[in-house]
Amino acid sequence: MSPFRAAEAGAALLLALLLALLTACGSRLPERAFETRPTAHPSGGEPLRVGIITSVTSPVGGQAFTGPRDGARAYFDALNARGGLDGRRIEVETCDDGGSGVGNNACVHRLIDERRVFALVATTALTYAGAPLVARAGVPDIGGQPLTPAYDTHPHLYGIYGSSAPRTGKEPGWGGVLYGGTEVYRWFARERGARTAAVVSYNQAASAAYARLVVRGLRAEGYRVVEEQVDFALPNFRAVAADLRAQHVDVLFDAMDTHGNARLCEAMETLGVRVDAKVTNVQNWSSTVARDYARAPGCRDTLWATGSSRNHQDTGHPAVREFRKAMGDRPLTQWQLEGWAAAMWFTDAARSCLDGGGLTRACVERFMNRPEPYTARGLLLPVRFERLPRPPATRNTCLSVARWQDGRGWVSQGEMTENCATVPQLGYRP
């Protein structure tokens, strides 16, 4: 069970919202579905082939899901430059599923049945329809982004944030119920003194459902909550901004897409409305904030991000420096760092098997299921897979927090392994 399951579920709901509303969706496999990354055969043996499924050409947008893929590729490129895994190069096969269930199933068949990949790494799929096929084939799927409940449902799937669910393949979580903690809301109350929170959503079922989940968590932590809803087609963000000022809101959460967030910030800028913190999540934790919020510098100055991985601008940490060096001059995102960590996780699991005498999928999964938590050299908060028969009522969870500052970018707020609290776990149906 991920400590940020509630936030992840909300992100998935918002993506589903966009998929339903945008007109570009379709069921066929996109033109660029299969992108093979060729590599030479090494002197140390045949390449070890891994697959990466990404919703590159999904209706949500071409850059929405590519971060984990790019981070994983960068890690494998760096590994190959050092001689590979015990002399074997990692050969990366990528597949764009187009954000559709049909495309996802086609990618699974392509990579597993045709290309015979050993494992999947850093899967980032809007609709992971092929997850049951992956599970039945017994192919490890390591470090995927849990945009759907698949990683809390099926065996052989190992999401980047871990899981405590039974994962029998029948239904997600415990009897179809997943659980998430209130650590984000606890942190802002404890560290920033926040007492009044606003939650802004669209008048659409998925957006409203996620907003209700956030509201429930905030109230569990003792906040006074101001609920704001706007029309998806004709949102009146000026009215929301005015009410935020009238209600003396301390901290602002949302159940909207990036475009809606930017427009809300612009309305707040126009009316001179400021909050202490406008909180976003790992999907929007990128180096392009200055561009995305160019017309709202005051709102930009209040942006905070929370997650389960170390800030990609924490250059005082050696693992972050290694990641940044490999990424070069390209714009950075937190999802790239998590894709890098996913590739490292697979490599460490495979290396443990080589040290023990033989590389098999069963051996890799023994590493994934071991009781010791995994941190990817300190890039991730401790992750494990437990298969608990019952969900815990509370859990001690930690939090990575960063604040945007013009001229400095994302500045970490405390050490993530120390930003911890024991918080209630709230159930919800995905």
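Because only heavy atoms are used, hydrogens play no part in the values below, and waters and symmetry mates are left out as well, while side chains stay in. Everything quoted here is computed from the prediction, not taken from an experiment.
- Checking Asp254 against Tyr202 by side-chain atom types alone, no donor-acceptor pair falls below 3.5 Å.
- Rounded to the nearest 0.5 angstrom, Asp314 CG and Arg324 CZ are separated by 9.5 Å.
- Taking the six-membered ring where tryptophan is involved, the planes of Phe323 and Trp340 are perpendicular, since the angle between them exceeds 60° and thus also 30°.
- The main-chain N or O of Val56 is never found under 3.5 Å from a side-chain atom of Thr54 such that the two would form a donor-acceptor pair.
- The distance between the ring centers of Tyr158 and Phe385 falls below 6.0 angstrom.
- Atom CZ of Arg390 sits in a sparse spot, with 12 or fewer heavy atoms from other residues, nucleotides or ligands closer than 6.0 Å.
- A donor-acceptor pair is defined here as one N or O able to donate and one able to accept, closer than 3.5 Å; such a pair exists between the side chain of Tyr223 and the backbone of Ala189.
- Between the CD1 atom in Ile53 and the CG atom in Asp96 there is a gap of 10.5 Å [rounded to 0.5 Å].
- When each of Arg116, Arg73, Arg49 is tested with Glu91 by the rule salt bridge (charged side-chain N to carboxylate O under 4.0 Å, His left out), just one qualifies, namely Arg49.
- No hydrogens or angles considered: nothing links the side chains of Thr127 and Asn104 as a donor-acceptor pair under 3.5 Å.
- A salt bridge between Glu386 and Arg370 is absent, with no side-chain N of the basic residue lying under 4.0 Å from a carboxylate O of the acidic one.
- A salt bridge links Asp301 with Arg274: at least one charged nitrogen is closer than 4.0 Å to a carboxylate oxygen.
- Not a single donor-acceptor pair under 3.5 Å links the side chain of Arg263 to the backbone N or O of Phe237.
- Side chains of His156 and Glu365: a donor on one and an acceptor on the other come within 3.5 Å.
- Less than 6.0 angstrom separates the ring centroid of Phe253 from the ring centroid of Tyr185.
- Between Trp345 and Phe367, a ring centre-to-centre spacing not shorter than 6.0 Å is recorded.
- Trp335 and Gln283 share no donor-acceptor pair across their side chains, judged by distance under 3.5 Å alone.
- Checking side-chain atoms of Asp250 against main-chain N and O of Thr196 turns up a donor-acceptor pair under 3.5 Å.
- For the pair Ser163 (side chain) and Tyr161 (backbone), a donor-acceptor distance under 3.5 Å is absent.
- Between Asp348 and Arg377 there is a salt bridge, since at least one side-chain N of the basic residue sits less than 4.0 Å from a carboxylate O of the acidic one.
- Interatomic distance, Thr182 OG1 to Arg219 CZ, rounded to the nearest 0.5 Å: 15.0 Å.
- For the pair Leu147 and Thr124, the minimum side-chain heavy-atom distance is below 4.5 Å.
- Note that SG of Cys95 is 11.5 Å distant from CD1 of Ile52, once rounded to the nearest 0.5 Å.
- Rounding to the nearest 0.5 angstrom, the gap separating the CH2 atom in Trp404 from the SG atom in Cys299 is 13.5 Å.
- A ring-centre distance under 6.0 Å is found for Trp304 and Phe188.
- The CG atom of Leu303 lies 9.5 Å from the CG atom of Asp406; values are rounded to the nearest 0.5 Å.
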Verdict with reasoning, Trp187 to Val401, per side-chain contact (heavy atoms from CB on, under 4.5 Å)
CA-CA 9 Å; Trp187 192 91; Val401 185; 3.8 Å; yes
Test side-chain contact (heavy atoms from CB on, under 4.5 Å) on Arg295 and Glu269; report intermediate values, then the result.
CA-CA 8 Å; Arg295 294 191 291 179; Glu269 194 79 17; over 6 Å; no
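- A side-chain hydrogen bond (donor to acceptor under 3.5 Å, both in side chains) with Arg310 is found for one member of Glu338, Gln334, Glu415 and no other, namely Glu415.
- Under the ring pair (Phe, Tyr, Trp, His ring centres under 6.0 Å) criterion, Phe76 pairs with no residue at all, not counting sequence neighbours.
- Between Pro392 and Gln425, the closest heavy-atom pair is O-CB, 3.5 Å.
- The closest side-chain donor-acceptor pair between Asp141 and Tyr151 falls under 3.5 angstrom.
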